[in-house]
Amino acid sequence: MNCNNPKWLDNAVFYEIYPQSFKDSNADGIGDFQGIIEKLDYIKELGCTAIWMNPCFESPFHDAGYDISDYYKVAKRYGTNEDLKRLFNEVHARDMHILLDLVPGHTSVEHPWFKESMKAERNEFTDRYIWTNNVWEEPTGCASLRGIAERNGSCAVNFFSSQPALNYGYYKPDKEWQQGTQEEGPQATIEAMKDIMRFWLGMGCDGFRVDMAHSLVKCDEDSKGTMEVWKNIRAFLDEEYPKAAMISEWGEPDKSLQGGFHMDFLLHFGPSHYNDLFRCENPFFAGNGNVAEFVKTYQENLEKTQNKGLMCIPSGNHDMDRLARTIKGDKLKLAFAFLLSMPGAPFIYYGDEIGMNYIENIPSVEGGYERTGSRSPMQWDDSTNAGFSSAKKEMLYIRQEENKDRPNAKQQMMDKNSLRSEIKRLIEIRQSRKALQSKGTIEFIYAKENAYPFVYVRSFEEERILVIINPSDQEVTFESSVQPKEKIYSFGNDICIKEDGKTIVVPACSFSFWNS
């Protein structure tokens, strides 16, 4: 399916805000909208042009807000709907954009839709969720929630047992209780999602990052049913909100782009080999790993998407270990040289730009479990609670790192050699060269199995930029079919080109960008 990207996505660099942990403005230990507004200039100064904010709607917070109880009302702890509208306006006043996190696949058990669906008497919401006809029968292909309803049946859940699955139908229904995708129940669910999107787009948000976008239609053969759902939604957006950006958590860009999304995420689960780069026993960017399988899979996705790419590669997110848990020191700068020179929009998870650490062995908060260590409050300065909150330490949403040498934004902004300063320079370079932005093409020059360096060319029209990255601790050589002509930027010692003109010597722990 063809859909035109909103123009601002062409050079977008996103900053992900986990609102609970970003900035507390009212001393209750939890971040809020006013705190985000106070730090918009910080995000702008870094060079980011857009924000993705994790769910901020009313919720019992059994899963950090991904269990929504009211899609039309923000959680009181963050502020009011008017406060969120003000945040949209403040973002736009800085010539930036903001995506909300849309959770279309499930709600909280506390959502009024679900409470109505549990009733034995048939009503408007009876078919809003997936129910079997008998409490002893579980839904096909899903875990279930049962024994809590007046009606006789088991309800499908998508993740935690507190997250009942909304009904988009079964691709090929073969039981009496299964509905086809075109039946009244699934179609009513789609229309309900459109109304939610209309509401927030009308309030001023610029689009959505869509949670578990692949999960809608059940027992879905090659995602065909789910793609049809998103094509339906894409047609509605094209007619009513053509500038609304849509980015999917799917991990299969050939399917998500066909469904009408503008970009897709490479995920820490699934077949992308993203974890080979940053989060495995021997990550490539730690200096002793393998990039070959990632490149092979990336190229396969390029072919499937007719060379559109548009795969977003995040530094991390609220579901992953912090980047700094496995990548240390200057090698973090090399990881960001890669992240900020690849196609698609890069996403920087709050705090990754200063190398915030994963907090080990802390109790689960709001369904975080092992993910909780990546959700600790932002470290702004060296004042009380690292400048996150003026509340008592015991009131903080999640415990902070206690190391006295913990990184903070204020210190790193003053240090031209800091990770944040390097990221700011890399963003400036990306924004000055169309070849390095979202739509520039990519050609891999050197990406051998269990070998360094990693070399590729980014191109747009006549501009060609050679990127050479060596995260290993050893000097390495490779033969290049593309010649570096004029250096744009480098970190570490400079490369050396041997007399044959093909063999290039790359210093340890270095990267460079070249006109070619």
Side-chain angles (χ1 to χ4, degrees), residues 1 66-68 71 102-109 111 113-120 122-197 210-236 248-252 254-256 258-261 264 269-270:
M1 183 172 187
Y66 283 91
D67 48 331
I68 294 169
Y71 284 102
L102 182 69
V103 186
H106 51 262
T107 69
S108 162
V109 290
H111 198 292
W113 294 350
F114 186 68
K115 291 179 180 179
E116 289 297 310
S117 81
M118 288 195 297
K119 293 178 179 179
R122 189 160 183 83
N123 62 65
E124 179 185 353
F125 301 101
T126 298
D127 296 328
R128 184 57 54 87
Y129 299 83
I130 299 171
W131 289 88
T132 66
N133 287 338
N134 191 296
V135 72
W136 310 117
E137 182 181 6
E138 288 200 274
T140 312
C142 301
S144 69
L145 179 65
R146 52 185 172 173
I148 66 166
E150 184 182 282
R151 75 186 281 179
N152 186 13
S154 299
C155 183
V157 298
N158 268 355
F159 189 47
F160 290 148
S161 58
S162 58
Q163 293 168 313
L166 287 163
N167 181 21
Y168 294 87
Y170 277 76
Y171 186 62
K172 291 181 178 178
D174 61 3
K175 297 181 185 297
E176 182 186 354
W177 55 266
Q178 294 177 357
Q179 294 188 331
T181 58
Q182 298 302 312
E183 292 188 45
E184 186 176 344
Q187 289 300 307
T189 305
I190 293 171
E191 293 306 312
M193 278 303 132
K194 289 179 184 176
D195 285 342
I196 291 162
M197 296 168 81
V210 179
D211 178 66
M212 293 178 66
H214 61 284
S215 70
L216 305 188
V217 176
K218 301 307 180 189
C219 297
D220 191 5
E221 182 184 306
D222 204 27
S223 300
K224 292 175 183 175
T226 299
M227 284 192 285
E228 287 303 314
V229 170
W230 288 115
K231 286 178 183 178
N232 181 322
I233 292 172
R234 175 80 264 154
F236 137 70
S248 61
E249 182 192 39
W250 195 313
E252 296 180 273
D254 57 314
K255 296 174 181 176
S256 60
Q258 188 178 338
F261 284 95
D264 190 19
F269 56 87

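For the single chain, residues carry numbers from 1 onward in sequence order.
- A donor-acceptor pair under 3.5 Å is absent between the side-chain atoms of R128 and the main chain of E116, judged by distance alone.
- Put simply, the side chain of E221 never gets that close to the backbone of Y171: no donor and acceptor are under 3.5 Å apart.
- Using a distance-only test at 3.5 Å, with no hydrogens or angles considered, no donor-acceptor pair links the side chain of R234 to the main chain of G259.
- Looking at D220, its side chain does come within 3.5 Å of a backbone N or O of T226 through a donor-acceptor pair.
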Where do N232 and K194 land on the side chain to side chain donor-acceptor pair (under 3.5 Å) test, with the steps shown first? CA-CA 10 Å; N232 181 322; K194 289 179 184 176; 2.6 Å; yes
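- Side-chain atoms of N152 do not come within 3.5 Å of backbone N or O of N134 as any donor-acceptor pair.
- Remark: side-chain polar atoms of S154 are paired, donor with acceptor, to backbone N or O of V135 under 3.5 angstrom.
- K175 is not listed as a side-chain neighbour of Y170, based on a closest heavy-atom distance of 4.5 Å or more.
- Distance alone, capped at 3.5 Å, places no donor-acceptor pair between the D264 side chain and the S256 backbone.
- Taking the six-membered ring for Trp and thresholds of 30 and 60 degrees, H111 and Y71 have ring planes inclined between 30 and 60 degrees apart.
- The two residues F114 and L145 come nearest to each other via the heavy atoms CZ-CD2, 3.9 Å.
- Side-chain N or O atoms of H106 include none that pairs as donor or acceptor with a backbone N or O of S162 at under 3.5 Å.
- Using a 4.5 Å heavy-atom cutoff, the side chains of Y129 and L166 are in contact.
- Between the S144 side chain and the E138 main chain, no donor and acceptor come within less than 3.5 Å of each other.
- At distances below 3.5 Å, at least one donor-acceptor pair connects side-chain atoms of W230 with backbone N or O atoms of A213.
- Taking the six-membered ring for Trp and thresholds of 30 and 60 degrees, W250 and H214 have ring planes inclined between 30 and 60 degrees apart.
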Could you walk me through whether I130 and Q179 pass the side chain to side chain contact (heavy atoms under 4.5 Å, CB included) check? CA-CA 9 Å; I130 299 171; Q179 294 188 331; over 6 Å; no
Go through the steps for Y66 and D211 under the test side chain to side chain contact (heavy atoms under 4.5 Å, CB included), then give the verdict. CA-CA 9 Å; Y66 283 91; D211 178 66; 3.6 Å; yes
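- V109 is listed as a side-chain neighbour of P164, based on a closest heavy-atom distance under 4.5 Å.
- Contact check for Q258 versus K255: no side-chain heavy atoms found under the 4.5 Å cut-off.
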Checking R122 against D127 for the side chain to side chain contact (heavy atoms under 4.5 Å, CB included) test, could you report, in this order, the C-alpha distance in whole Å, the side-chain angles of both residues, the deciding distance, and whether it holds? CA-CA 9 Å; R122 189 160 183 83; D127 296 328; 2.4 Å; yes
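- Looking only at side-chain heavy atoms (C-beta outward), M212 and E249 come within less than 4.5 Å of each other.
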